[in-house]
*Asks:* 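Pasting a structure here, questions to come.
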Amino acid sequence: MSHDRREAGFKRRTRVAEARATLLDAAAPHGRTESAPLADADGRVVAEPIDAPAPVPSYDRAAMDGYAVRAEDTFGASDRSPAVLRAADTEAESISHGEAARVHTGSAVPAGADAVVMIEQVEAVGDEVEAFDAVATGENVGEAGEDVADGQRLFEAGHVLRPSDLGLLKSVGLDAVPVCEPPTVAVIPTGEELVQSDPDPGEVIETNGLTVSRLVERWGGEARYRDVVTDDEDALAAAVEADLDADVVVTTGGSSVGERDLIPEVVDGLGEVLVHGVALKPGHPVCLGVADDTPIVSLPGYPVACIVNAVQFLRPVQKHVGGTTADPFPTRRAVLDRKIASEPGTRTFARVAVADTDEDGSALPAATPTRASGSGILSSVALADGWVVVPEPREGIDAGEVVDVEIWEENP
């Protein structure tokens with residue numbers, strides 16, 4: 001990074017969507033796959049399309065307790081004039097014209113039968129069965145493949161498996177599933193002022209690396225949480241270069257344009273700086289780059305700015321290299337009880353606490369900003385329920401306006 005570049009500061013800031021797209025365009029899925037037992041596959045990313053190897057159910061099954069019959073044998077049956085049928089053997093695998101076989105919910109319907117009369121509409125008398133209800137062909141019968149057809153596409157590549165998905169996969173006879181290997185993310189905290197505990201005046205406890213590495217794990221990756229690297233260009237370059245075998249490298253601190261902000265220059269020396277400075281608040285001094293085809297996300301050192309940028313840039317690129325996409329976060333509607341200020345042209349993330357709703361649920365809850373500014377105030381995130389995103393064209397949001405609170409910690 002040249003002296004002129006430092007002098008220029010951030011006169012031009014790339015918009016969030018453009019910066020994210022630029023980073024994703026420079027990254028590629030790692031392509032590594034493995035077979036995971038179903039019991040261990042919750043949250044894993046499907047590596048290739050999965051089709052059902054067998055139908056579910058694999059046979060016609062009774063949807064009710066009752067008697068399996070040929071529907072035509074019950075035509076005209078009523079309370080006053082029941083159809084009288086012969087009782088088939090309880091183990092019968094098929095029935096003939098004029099016969100009825102006892103079945104239970106979920107059991108196979110004997111060959112030759114095409115309907116089930118509910119047990120409430122039947123009376124067994126010796127070797128005969130009286131049916132008091134006429135049934136249509138297919139009535140009270142679940143056909144083979146009713147749940148899942150043979151060869152049906154179940155999941156596309158990139159789908160993130162849920163517990164219900166695992167049950168479905170087991171139901172079609174699978175005990176393992178092809179998945180993408182978790183992406184590896186090297187997390188390198190930087191700054192000569194950082195210590196792990198007992199800070200002296202001028203020192204700061206290192207929190208960003210811990211926070212980011214746990215976010216990496218929550219988002220389905222494997223974090224390499226490295227020791228703090230001091231503000232020395234050679235040391236920083238060596239640390240980043242040593243982890244370029246990871247799928248993503250993320251650094252914290254040193255990403256701005258001050259004399260001790262060396263990371264952009266290091267990234268430029270190892271590869272290419274794609275974006276430096278984003279129209280985002282808090283945390284515009286983010287640096288996005290690539291070296292040896294490895295995306296590098298350099299997050300600001302202020303804790304709130306670090307978290308906001310990790311969510312906006314690290315999460316999507318980590319998901320991308322891991323074979324999937326980052327889903328939108330859930331939101332909660334609320335009424336803003338205090339104005340949020342915002343600079344036009346900048347996307348602002350205002351941390352808010354959301355009050356409980358009224359007991360009868362008749363009113364929207366109140367959203368109270370925990371702090372409108374101050375990217376070094378970590379408690380403004382930790383004590384918030386989410387954030388309100390103020391889009392670039394807006395100049396703040398007035399009190400009393402209904403807003404969507406993005407609950408960014410609830411969706412991996």
*Asks:* Would you verify whether the NZ or CZ of Arg315 falls within 45 degrees of the ring axis of Phe329 while also being under 6.0 Å from that six-membered ring's centre?
*Replies:* yes
*Asks:* Is Asp150 atom CG crowded by more than 12 heavy atoms from other residues, nucleotides or ligands, each under 6.0 Å away?
*Replies:* yes
*Asks:* Got a salt bridge between Asp404 and Arg333, using NZ or NE/NH1/NH2 to carboxylate O under 4.0 Å?
*Replies:* yes
*Asks:* Please lay out, stage by stage, how Phe313 and Val278 fare under the test side-chain contact (heavy atoms from CB on, under 4.5 Å).
*Replies:* CA-CA 11 Å; Phe313 300 109; Val278 177; 3.9 Å; yes
*Asks:* Could you tell me which non-hydrogen atom of Ala26 sits nearest to which non-hydrogen atom of Leu274, and how far apart they are?
*Replies:* CB-CD1, 3.6 Å
*Asks:* Calculate, to the nearest 0.5 Å, the distance between atoms CZ and NE2 belonging to Arg70 and His97 respectively.
*Replies:* 8.0 Å
*Asks:* Please report the shortest heavy-atom distance between Val228 and Gly191, naming the atom on each side.
*Replies:* CG1-O, 3.5 Å
*Asks:* Going by the angle between their ring planes, with limits at 30° and 60°, are Trp387 and Trp408 parallel, tilted or perpendicular?
*Replies:* parallel
*Asks:* Verify salt bridge (charged side-chain N to carboxylate O under 4.0 Å, His left out) between Arg162 and Asp165, making sure each step is shown before the conclusion.
*Replies:* CA-CA 5 Å; Arg162 305 161 298 178; Asp165 300 333; 2.9 Å; yes
*Asks:* Please tell me if the side chains of Ile50 and Pro178 come closer than 4.5 Å, counting only heavy atoms from C-beta onward.
*Replies:* yes
*Asks:* By the definition side chain to side chain contact (heavy atoms under 4.5 Å, CB included), identify the one residue from Val185, Val250, Val248 that meets it with Pro295.
*Replies:* Val248
*Asks:* Decide side-chain contact (heavy atoms from CB on, under 4.5 Å) for Glu343 and Glu395; before the verdict, give the C-alpha distance in whole Å, the side-chain angles of both, and the deciding distance to 0.1 Å.
*Replies:* CA-CA 6 Å; Glu343 175 187 344; Glu395 188 174 355; over 6 Å; no
*Asks:* Should the heavy atoms of other residues, nucleotides or ligands under 6.0 Å from CG of Asp200 be counted, would the total exceed 12?
*Replies:* yes
*Asks:* So, the side chain of Glu206 versus the backbone of Gly209: is there a donor-acceptor pair under 3.5 Å, distance only?
*Replies:* yes
*Asks:* Can you find a pair of side-chain heavy atoms, one from Leu236 and one from Thr190, that are under 4.5 Å apart?
*Replies:* yes
*Asks:* Counting only heavy atoms not in Glu93 (residues, nucleotides, ligands), do more than 12 fall under 6.0 Å from its CD?
*Replies:* no
*Asks:* Could you tell me whether the side chain of Asp65 and the main chain of Thr105 form a donor-acceptor pair under 3.5 Å?
*Replies:* yes
*Asks:* Are Tyr67 and Val103 close enough that some pair of their side-chain heavy atoms sits under 4.5 Å apart?
*Replies:* no
*Asks:* Within the structure provided, determine whether Val212 and Leu314 are in side-chain contact (heavy-atom separation under 4.5 Å).
*Replies:* yes
*Asks:* Evaluate side-chain contact (heavy atoms from CB on, under 4.5 Å) for Leu194 paired with Ile205, printing each intermediate quantity in order.
*Replies:* CA-CA 6 Å; Leu194 298 180; Ile205 292 179; over 6 Å; no
*Asks:* Taking the side chain as everything from C-beta on, heavy atoms only, tell me whether Lys319 gets closer than 4.5 Å to Thr325.
*Replies:* no
*Asks:* Would you check if Cys306 and Thr211 make a side-chain contact, meaning some heavy-atom pair closer than 4.5 Å?
*Replies:* no
*Asks:* Keeping Asp247 on the side-chain end and Thr184 on the backbone end, is there a donor-acceptor pair under 3.5 Å?
*Replies:* yes
*Asks:* When rounded to the nearest 0.5 angstrom, what is the spacing between CD in Glu146 and CZ in Arg61?
*Replies:* 6.0 Å
*Asks:* Please list, chain by chain and in numerical order, all residues satisfying salt bridge (charged side-chain N to carboxylate O under 4.0 Å, His left out) with Glu99, sequence neighbours excluded.
*Replies:* none
*Asks:* Can any side-chain N or O of Tyr225 pair as donor or acceptor with the backbone N or O of Val187 at less than 3.5 Å?
*Replies:* no
*Asks:* Give the minimum heavy-atom separation between Asp337 and Pro369, together with the two atoms involved.
*Replies:* OD1-CD, 3.8 Å
*Asks:* Examine distances only and state if a side-chain atom of Glu139 and a backbone atom of Val117 form a donor-acceptor pair shorter than 3.5 Å.
*Replies:* no
*Asks:* Between Arg20 and Thr22, do the side chains contain an N or O donor and an N or O acceptor separated by less than 3.5 Å?
*Replies:* no
*Asks:* Heavy-atom count around Asp42 CG within 6.0 Å, excluding the residue itself: above 12?
*Replies:* yes
*Asks:* Would Leu166 and Leu161 count as a side-chain contact (heavy atoms from CB on, under 4.5 Å) here? Give the steps.
*Replies:* CA-CA 7 Å; Leu166 306 183; Leu161 291 168; 4.2 Å; yes
*Asks:* For salt bridge (charged side-chain N to carboxylate O under 4.0 Å, His left out), just list the numbers for Arg44 and Glu34, CA-CA rounded to whole Å, side-chain angles, deciding distance to a tenth of an Å, and then say yes or no.
*Replies:* CA-CA 11 Å; Arg44 300 296 300 274; Glu34 60 186 359; 2.5 Å; yes
*Asks:* What closest approach, in Å, do Ser255 and Pro300 show between heavy atoms, and which atom pair accounts for it?
*Replies:* OG-CA, 3.3 Å
*Asks:* Taking the side chain from His284 and the backbone from Arg13, do they hold a donor-acceptor pair closer than 3.5 Å?
*Replies:* no
*Asks:* How many angstroms lie between OG in Ser213 and CD in Glu222, if you round to the nearest 0.5 Å?
*Replies:* 13.0 Å
*Asks:* Which residue in the set Asn309, Leu299, Val297, Val317 passes side chain to side chain contact (heavy atoms under 4.5 Å, CB included) when paired with Leu288?
*Replies:* Val297
*Asks:* How about Arg32: does its CZ atom have over 12 heavy atoms from other parts shown lying under 6.0 Å from it?
*Replies:* yes
*Asks:* Could you walk me through whether Arg332 and Glu406 pass the salt bridge (charged side-chain N to carboxylate O under 4.0 Å, His left out) check?
*Replies:* CA-CA 7 Å; Arg332 186 178 179 189; Glu406 197 168 84; over 6 Å; no
*Asks:* Would you call Glu193 and Arg260 a salt bridge, using N to O less than 4.0 angstrom?
*Replies:* yes
*Asks:* Nearest 0.5 angstrom please: Glu192 CD to Asp232 CG, how far?
*Replies:* 9.5 Å
*Asks:* Are Asp243 and Arg224 close enough, and set up right, to give a salt bridge (charged side-chain N to carboxylate O under 4.0 Å, His left out), and what steps lead you there?
*Replies:* CA-CA 9 Å; Asp243 268 318; Arg224 303 176 184 172; 2.7 Å; yes
*Asks:* Within the 4.5 Å heavy-atom criterion, are Pro182 and Val45 side-chain neighbours or not?
*Replies:* no
*Asks:* Can a donor-acceptor pair be found, under 3.5 Å and without considering hydrogens, that links the side chain of His30 to the backbone of Glu181?
*Replies:* yes
*Asks:* Report yes if the side chains of Thr252 and Ile188 come closer than 4.5 Å at any heavy-atom pair, otherwise no.
*Replies:* no
*Asks:* Using the side chain to side chain contact (heavy atoms under 4.5 Å, CB included) rule, pick out the option among Asp385, Val403, Val388 that qualifies with Val352.
*Replies:* Val388
*Asks:* Arg394 side chain to Arg347 main-chain N or O, any donor-acceptor pair under 3.5 Å?
*Replies:* no
*Asks:* Sequence neighbours left out, what passes side chain to side chain contact (heavy atoms under 4.5 Å, CB included) with Asp51? Give chain and number order.
*Replies:* Arg153
*Asks:* Can you name the residues that form a ring pair (Phe, Tyr, Trp, His ring centres under 6.0 Å) with Phe155, not counting sequence neighbours?
*Replies:* His159
*Asks:* Run Thr348 and Ser342 through side-chain hydrogen bond (donor to acceptor under 3.5 Å, both in side chains) and show every step you take.
*Replies:* CA-CA 6 Å; Thr348 298; Ser342 179; 2.9 Å; yes
*Asks:* If every non-hydrogen atom of Pro391 is compared with every non-hydrogen atom of Val389, which pair is closest and at what distance?
*Replies:* CD-O, 3.4 Å
*Asks:* Would you say the side-chain atoms of Ser298 and Thr251 include a donor-acceptor pair closer than 3.5 Å?
*Replies:* yes
